[in-house]
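Input: a single structure, listed below in structure tokens.
All figures in this text were calculated on a predicted structure; none of them were measured in a lab. Protein chains get the first letters and strands the later ones, always in sequence-line order, with residue 1 at the start of each. Computation of the quantities below employed the complete heavy-atom set of this structure, encompassing side-chain atoms and omitting hydrogens, waters and symmetry-equivalent molecules.
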2 protein chains.
Amino acid sequence: METIKLAMADDEALFLNGLKSILEQEEQLNILFTASDGQSFLEQLKVAEQFPDVMILDLRMKGMDGIETTQQVKELFPEAKIMILSSHYRDTFLGYMLKLGVNAFLPKNSAPDQLIKAIEKVHEKGLYFDEGQMMSIHHELSSGKKPKVPQMEQSTELTRREVEILQLICEQYTNPEIADKLFISVRTVDGHRTNLLQKTGAKNTAGLVLYALYHQMIDWEERLLKFGISSKED
Amino acid sequence: METIKLAMADDEALFLNGLKSILEQEEQLNILFTASDGQSFLEQLKVAEQFPDVMILDLRMKGMDGIETTQQVKELFPEAKIMILSSHYRDTFLGYMLKLGVNAFLPKNSAPDQLIKAIEKVHEKGLYFDEGQMMSIHHELSSGKKPKVPQMEQSTELTRREVEILQLICEQYTNPEIADKLFISVRTVDGHRTNLLQKTGAKNTAGLVLYALYHQMIDWEERLLKFGISSKED
DNA sequence: ATAAAAACGGGTGATTTCACCTGTTTTACT
DNA sequence: AGTAAAACAGGTGAAATCACCCGTTTTTAT
């Protein structure tokens with residue numbers, strides 16, 4: 001049996017090493033290199049003496065994420081076979097993936113066997129989607145609505161001050177409170193907020209929060225756990 | 001060398017299996033069982049013929065999360081040694097962890113060696129925090145501000161309708177738009193929103209979005225990727 | 001040094017959110 | 001059948017957001 005050469009990227013070291021450990025136990029699989037983000041993955045790919053048969057990328061990574069990395073890799077090596085792993089899996093997102101040229105799309109709570117099977121299929125046939133995914137794809141295509149062309153905008157288009165304001169918005173501060181905190185006028189905060197809405201394409205505060213979260217501009221846990229914790233003594 | 005009996009829970013099958021694969025390679029470690037959420041972890045723990053020396057829990061899990069699970073476990077077995085793993089690690093959260101009785105708190109992008117070392121330390125000394133964490137803890141305690149008693153509120157205190165409203169809020173709809181969508185009065189939506197704010201303890205829309213995200217009431221990726229994707233053809 | 005970008009901020013007004021009040025109807029439970 | 005909870009919805013008013021207008025000062029880069 002032919003060996004399959006792999007390369008993978010994920011920003012969670014434990015996950016990456018765990019995956020590596022699982023895949024190393026398969027004799028037909030050979031891991032060439034791993035990376036903790038898209039940038040270093042790309043760099044390693046460029047200088048690698050052997051080209052991986054299949055690449056496994058995490059969808060969400062700090063810095064360059066799975067989508068952007070896929071685009072960059074496909075630009076340099078259109079024949080590259082890329083599998084995307086995602087924590088919060090949704091079928092509705094398959095269309096984008098296909099257009100992007102992703103060769104497989106798997107949720108992170110797949111069983112190891114599924115992953116290995118998918119790797120083999122991608123290597124052999126150049127593509128792997130399970131039956132449910134196929135159905136979903138078929139439905140999406142036959143319904144006539146063409147999937148939009150995925151394209152990442154630079155996530156650092158925001159100025160330092162705007163990011164600061166955005167963070168405070170996510171901390172549930174109102175404009176007057178932010179103005180007070182930063183010793184500036186409410187008008188200025190309002191101006192920044194307007195610019196944020198315009199730049200991010202968000203419709204309102206809810207959109208801004210989602211944007212901030214996606215671009216990992218705020219401290220998840222710290223903020224979120226305020227909801228899980230009721231302070232009995234205050 | 002004595003073997004250390006382990007049990008672990010994580011809702012991402014690949015991560016869980018990866019971790020298992022890593023730890024299985026250590027001869028001194030013996031994995032008794034694994035679970036995909038807090039509930040089944042607890043049930044397995046109750047009926048297990050051997051009691052694990054160290055338990056490893058994911059902080060964020062669907063259903064019962066790491067914190068709630070810790071509380072339940074500690075209630076039944078106060079001597080249980082629990083390690084919490086977290087994706088988005090923050091030092092500021094250490095205080096809560098200590099109060100909760102967590103015996104170690106590690107980011108998910110730790111190296112496998114670190115994790116193994118931590119497991120051993122927890123088993124031997126009943127506790128493991130690295131130097132940075134110790135400093136942080138010391139600082140927090142010496143600064144006089146006592147960490148609040150962490151206590152999970154039931155996350156399903158919201159009614160069906162409230163959840164529905166909350167989801168639409170997260171989709172950036174305004175109250176009038178939601179009212180229109182659901183064929184109800186704006187007043188009613190407003191009422192639900194008020195109840196949401198009261199029940200969740202959120203201050204405003206930003207807070208509601210964070211709450212929804214923490215309790216995994218909305219489809220992450222699907223919604224977030226609207227920001228990453230610019231539809232060139234529309 | 002000069003131009004560009006960012007930060008600053010004032011005015012106005014429509015819309016939305018939020019915080020109170022009040023009540024009725026529907027649904028669920030036992 | 002009776003109670004409780006949920007969903008429904010009206011009024012009022014203050015506060016905040018959002019969308020436009022306008023300009024000045026400060027910072028940054030070439």
Side-chain angles (χ1 to χ4, degrees), chain A residues 153-215 217-218 223-224 226-227 230 234, chain B residues 153-215 217-218 223 226-227 230:
Chain A
E153 347 188 1
Q154 63 274 32
S155 58
T156 42
E157 59 185 1
L158 302 184
T159 66
R160 234 170 302 148
R161 198 56 155 177
E162 282 165 349
V163 171
E164 200 178 354
I165 302 280
L166 181 52
Q167 285 172 336
L168 291 170
I169 289 171
C170 291
E171 290 182 50
Q172 307 189 52
Y173 291 113
T174 64
N175 284 0
E177 285 170 343
I178 294 170
D180 206 50
K181 242 178 163 36
L182 302 179
F183 306 107
I184 56 178
S185 157
V186 186
R187 296 266 150 249
T188 307
V189 178
D190 194 50
H192 286 307
R193 196 178 198 125
T194 303
N195 291 335
L196 280 167
L197 288 174
Q198 191 262 311
K199 284 188 181 177
T200 62
K203 268 190 65 185
N204 53 30
T205 308
L208 289 178
V209 174
L210 292 176
Y211 180 92
L213 278 165
Y214 183 66
H215 292 287
M217 287 171 168
I218 68 172
R223 205 130 303 148
L224 293 177
K226 286 178 184 164
F227 291 115
S230 65
D234 245 309
Chain B
E153 348 189 359
Q154 63 272 35
S155 58
T156 41
E157 59 186 0
L158 302 184
T159 66
R160 234 171 301 148
R161 199 56 156 178
E162 282 166 349
V163 171
E164 199 178 354
I165 302 282
L166 181 51
Q167 284 171 338
L168 290 169
I169 289 171
C170 291
E171 288 182 51
Q172 306 190 53
Y173 291 112
T174 64
N175 284 359
E177 285 169 342
I178 294 169
D180 207 50
K181 242 178 163 37
L182 301 180
F183 306 107
I184 56 179
S185 158
V186 186
R187 295 269 149 245
T188 307
V189 179
D190 194 48
H192 287 307
R193 198 180 195 124
T194 304
N195 292 337
L196 280 167
L197 288 174
Q198 190 262 311
K199 283 187 181 177
T200 62
K203 268 189 65 185
N204 54 31
T205 308
L208 289 178
V209 174
L210 293 176
Y211 180 91
L213 280 163
Y214 182 66
H215 293 286
M217 287 171 167
I218 69 172
R223 204 131 302 145
K226 286 179 184 165
F227 292 114
S230 66

Distances under 3.5 Å between nitrogen or oxygen atoms of protein and nucleotides 4-11 of chain D:
from, atom 1, to, atom 2, distance (Å)
D:dA7, OP1, B:Thr159, OG1, 3.3
D:dA7, OP1, B:Arg161, N, 3.0
D:dA7, OP2, B:Thr159, OG1, 2.3
D:dC8, OP1, B:Arg161, NE, 3.3
D:dC8, OP1, B:Arg161, NH2, 2.8
D:dC8, OP2, B:Arg161, NE, 3.0
D:dC8, OP2, B:His192, NE2, 3.0
D:dA9, OP2, B:Ser185, N, 2.7
D:dA9, OP2, B:Thr188, OG1, 3.1
D:dA9, O5', B:Thr188, OG1, 3.4
D:dG10, OP2, B:Ser185, OG, 2.7

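Distance CG (A:Asn195) to C1' (D:dT17): 15 Å, rounded to an integer number of Å. For the pair A:Gln172 CD and D:dA16 P, the interatomic distance rounds to 14 Å; values are reported in whole Å.
Taking for each of B:Glu177 and B:Thr194 the nucleotide of DNA chain C with the nearest heavy atom, the 5'-most of the two is the partner of B:Glu177.
Salt-bridge formation is detected for the pair A:Glu177/B:Lys203: a Lys NZ or Arg NE/NH1/NH2 atom is positioned less than 4.0 Å from an Asp or Glu carboxylate oxygen.
Each of B:Val163, B:Ile178, B:Ile165, B:Asn175 was checked for a side-chain contact (heavy atoms from CB on, under 4.5 Å) with B:His192, and the lone residue meeting it is B:Ile165.
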side-chain contact (heavy atoms from CB on, under 4.5 Å) evaluation trace for A:Tyr211 with A:Leu166
CA-CA 9 Å; A:Tyr211 180 92; A:Leu166 181 52; 4.2 Å; yes
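A 4.0 Å heavy-atom criterion places the boundary nucleotides of DNA chain C facing chain A at C:dA6 to C:dT12, written 5' to 3'.
Between A:Ile169 atom CD1 and B:Thr205 atom OG1 the span is 11.0 Å, to the nearest 0.5 Å.
Screening residues 182-195 of chain A for salt bridge (charged side-chain N to carboxylate O under 4.0 Å, His left out), with sequence neighbours left out, gives no hits.
Under the side chain to side chain contact (heavy atoms under 4.5 Å, CB included) criterion, B:Leu197 pairs with B:Ala202, B:Leu208, sequence neighbours left out. In this structure A:Arg161 satisfies the side-chain hydrogen bond (donor to acceptor under 3.5 Å, both in side chains) test together with A:Glu164, sequence neighbours excluded.
Across its full length, the helix from C:dA1-D:dT30 to C:dA28-D:dT3 shows an angle of 70° between the axes of its 5 terminal pairs at either end, rounded to 10 degrees.
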